[in-house]
Amino acid sequence: MNFIDLIEKKKQGKNHTKEEIKYISDSICNGSVSDAQISAWLMAVCFNGMSIQETADLTEVLAFSGDKVDLGEIKGCVIDKHSTGGVGDKVTITLIPLLAASGISVVKIADKGIAMAAGTIDKLKSIPNFKTSYNDIAIINQVKNIGAIIASQTENMAPSEKKLYSLRSTTDTANSKELIASSILSKKIASGVNTIFVDVKYGAGTFMKTPEEAVSLSNLIVDISKRLNLSVTAVVSSMEEPLGRAIGNSIEVIEAIEFLKGNINDGDLAELTYFFASLILVKAGLFNDCENAKKYLKEIINSGKALEKFAEILSAQGADPAILNSYDKFELPSFKVECASKKDGFVQYINAKSIAMALNTLGGTSDNNFSEIDYSVGIYLNKKSGEFVKKGETLYTIYSNDEEKTKIAQKYCDEAFLINDSKPANKNLVYKIIGIEDEDV
Ligand code: URA
């Protein structure tokens, strides 16, 4: 077999056999192909797609390109929840301590950002000394001791997936459904978890632009999971607008901490966190219905147990939990600019893509593999959709270290906001659940 012939085959839109996919993965792992060749193959997949069988084969081959973590010592459901990526999406940081404090075991394998979506690992790196690199034994021990870990892929966890992932932002192949599905599921298989939830986003701030496209990706994810005997639930949710008010690494972690302290009780961030948490508690058999699960989860927040669990996770992963009460321990930006609304009215819409571009301009995300991320910068949405703003009142705040970049970011943010006289109708955050029986929800 020859890698160039396989690029040609995919260029012609033909299907790979499992042996060919294995050859591709092995070539990536043993370093016998260049980044240029891998990128050419990624682009051919992006243009011509893959059949469901090919995508299932790719998922399995990527998953077993390294070792699988043996979580057999941990009894019951071991959960991971993964998002296809969005703007301001800090639900991993709000959800994992909440679940662990509710008695659910969580092995959360998180990523750096891909394309416009900032990654959970980048957000957590804004916490001084927070360690994300672990080996299998350390993962198992931490979950046995405190019920949860949030870590990056280990050295030998789906290594060929890791290589593909690292090339997809710069080659503009991040939005291929087959590559997204195989990327997410292969990591979950390799991490050993037995119950998986995928938040499949649609809208301006993510890869799938419409609910229909996100449903199609969800169907693919669930179909592959069935072929591979995985328990996966896909939730299609909106990423038309940024999630929460904070967009940027350290300010997103701070917003998540405020949620865990019980200071954020409504709005989209609280809604989506409780939605996933209650769905998971029902799936794990702790509750019969989401309503009762949600009441219990609110008690977990209000009693301080979720925050305590996050403190335990911070300590276990090398960070000082004192940061929970002293936000000045985060790396701070040199200045902030409060940007005023130019008119009275209701905020109708905030375009997530424009906000992502603003954050990228400030240096808060990287769309290549070379530039460093500035954890301190960000945008805070003082007003969200449905809220009234007066002319001259602060609409959003930019946290920055560079005046020129701030001016460009401000242009993107101004473009993002649509304001007019009428109060907009409430928008549904969750569009559809796929892969779980309706009566469970
Ligand atoms: N998250 C992943 O792990 N992979 C993708 O392709 C997109 C989001």
Side-chain angles (χ1 to χ4, degrees), residues 83 85-97 108-134 148-153 169 205 242-261 263-264 269 273 306-307 309-337 355-356 358-381 396-402 405-406 409:
S83 162
V87 182
D89 186 357
K90 70 249 341 142
V91 168
T92 290
I93 310 170
T94 52
L95 182 69
I96 276 44
K108 171 62 200 158
I109 300 300
D111 289 299
K112 292 184 178 170
I114 182 164
M116 80 173 90
T120 298
I121 290 297
D122 300 324
K123 296 174 201 199
L124 292 170
K125 288 262 179 209
S126 76
I127 304 172
N129 304 321
F130 189 88
K131 187 175 159 221
T132 57
S133 300
Y134 284 89
I149 187 163
I150 312 176
S152 342
Q153 245 163 300
S169 291
L243 195 66
R245 291 182 189 268
I247 300 99
N249 295 291
S250 52
I251 64 171
E252 286 192 38
V253 177
I254 293 170
E255 190 178 27
I257 296 170
E258 287 297 306
F259 170 82
L260 294 170
K261 285 182 175 172
N263 295 335
I264 300 177
L269 175 62
T273 305
L307 187 69
K309 187 53 76 178
F310 193 41
E312 279 181 54
I313 295 172
L314 291 176
S315 283
Q317 298 194 217
D320 182 357
I323 202 160
L324 296 173
N325 293 312
S326 31
Y327 297 151
D328 55 357
K329 292 191 191 303
F330 283 95
E331 209 178 295
L332 294 174
S334 46
F335 63 92
K336 68 174 181 179
V337 181
I355 300 290
L359 182 65
N360 186 255
T361 304
L362 294 169
T365 51
S366 162
D367 44 19
N368 57 52
N369 295 334
F370 340 107
S371 48
E372 290 277 309
I373 291 179
D374 184 343
Y375 299 123
S376 69
V377 297
I379 299 126
Y380 186 83
L381 305 174
Y396 61 89
T397 306
I398 293 183
Y399 294 89
S400 179
N401 290 310
D402 182 304
K405 289 179 182 171
T406 306

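This chain uses plain numbering: 1 for the first residue, then up along the sequence.
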Starting at [atom1] of [X], measure out to [atom2] of [Y] and round the result to the nearest 0.5 Å.
X      : Y      : atom1 : atom2 : result
Thr406 : Ile379 : OG1   : CD1   : 10.0 Å
Ile264 : Thr273 : CD1   : OG1   : 9.0 Å
Glu331 : Lys125 : CD    : NZ    : 13.0 Å
Thr361 : Lys405 : OG1   : NZ    : 9.0 Å
Ser126 : Ile121 : OG    : CD1   : 11.5 Å
Ile251 : Leu332 : CD1   : CG    : 11.5 Å

Looking only at atom types and distance, does a side-chain atom of [X] sit under 3.5 Å from a main-chain N or O of [Y], one as donor and one as acceptor?
X      : Y      : answer
Lys261 : Leu324 : yes
Glu255 : Arg245 : yes
Lys90  : Ala246 : yes
Asp111 : Gly119 : no
Asp89  : Leu243 : no
Thr94  : Val91  : yes
Ser250 : Tyr375 : yes
Asn401 : Ser334 : yes
Ser400 : Asp402 : yes

Worked check of side-chain contact (heavy atoms from CB on, under 4.5 Å) between Glu252 and Ile247: CA-CA 6 Å; Glu252 286 192 38; Ile247 300 99; 4.2 Å; yes
Derivation and outcome, side-chain contact (heavy atoms from CB on, under 4.5 Å), residues Ile93 and Phe310: CA-CA 9 Å; Ile93 310 170; Phe310 193 41; 3.8 Å; yes
Closest contact, heavy atoms only, [X] versus [Y]:
X      : Y      : result
Gly248 : Leu359 : CA-CD1, 3.7 Å
Ala148 : Ile96  : CB-CG2, 3.9 Å
Asn249 : Gly364 : ND2-O, 2.9 Å
Ile150 : Ala110 : CG2-CB, 4.3 Å
Leu124 : Phe130 : O-CB, 3.6 Å
Leu362 : Tyr399 : CD1-O, 4.0 Å

Test log, rule side-chain contact (heavy atoms from CB on, under 4.5 Å), inputs Ile127 and Phe330: CA-CA 6 Å; Ile127 304 172; Phe330 283 95; 3.8 Å; yes
Any side-chain heavy-atom pair of Ile323 and Pro128 under 4.5 Å: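 When only atoms from C-beta onward are counted, Pro128 and Ile323 do touch, with a gap below 4.5 Å.
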Residues that Lys131 engages under side-chain hydrogen bond (donor to acceptor under 3.5 Å, both in side chains), provided they are two or more places apart: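 Residues passing side-chain hydrogen bond (donor to acceptor under 3.5 Å, both in side chains) with Lys131: none at all.
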From CA spacing to verdict: side-chain contact (heavy atoms from CB on, under 4.5 Å), Leu381, Ile355: CA-CA 10 Å; Leu381 305 174; Ile355 300 290; 4.1 Å; yes
NZ (Lys336) with more than 12 external heavy atoms under 6.0 Å: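 No, because the 6.0 Å sphere around NZ of Lys336 holds 12 heavy atoms or fewer from other groups.
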Neighbour count above 12 (heavy atom, 6.0 Å) for Lys108 NZ: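 It does: Lys108 NZ has more than 12 such atoms within range.
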Residues Asp374 and Ser376: side-chain donor-acceptor under 3.5 angstrom: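 Short answer, yes.
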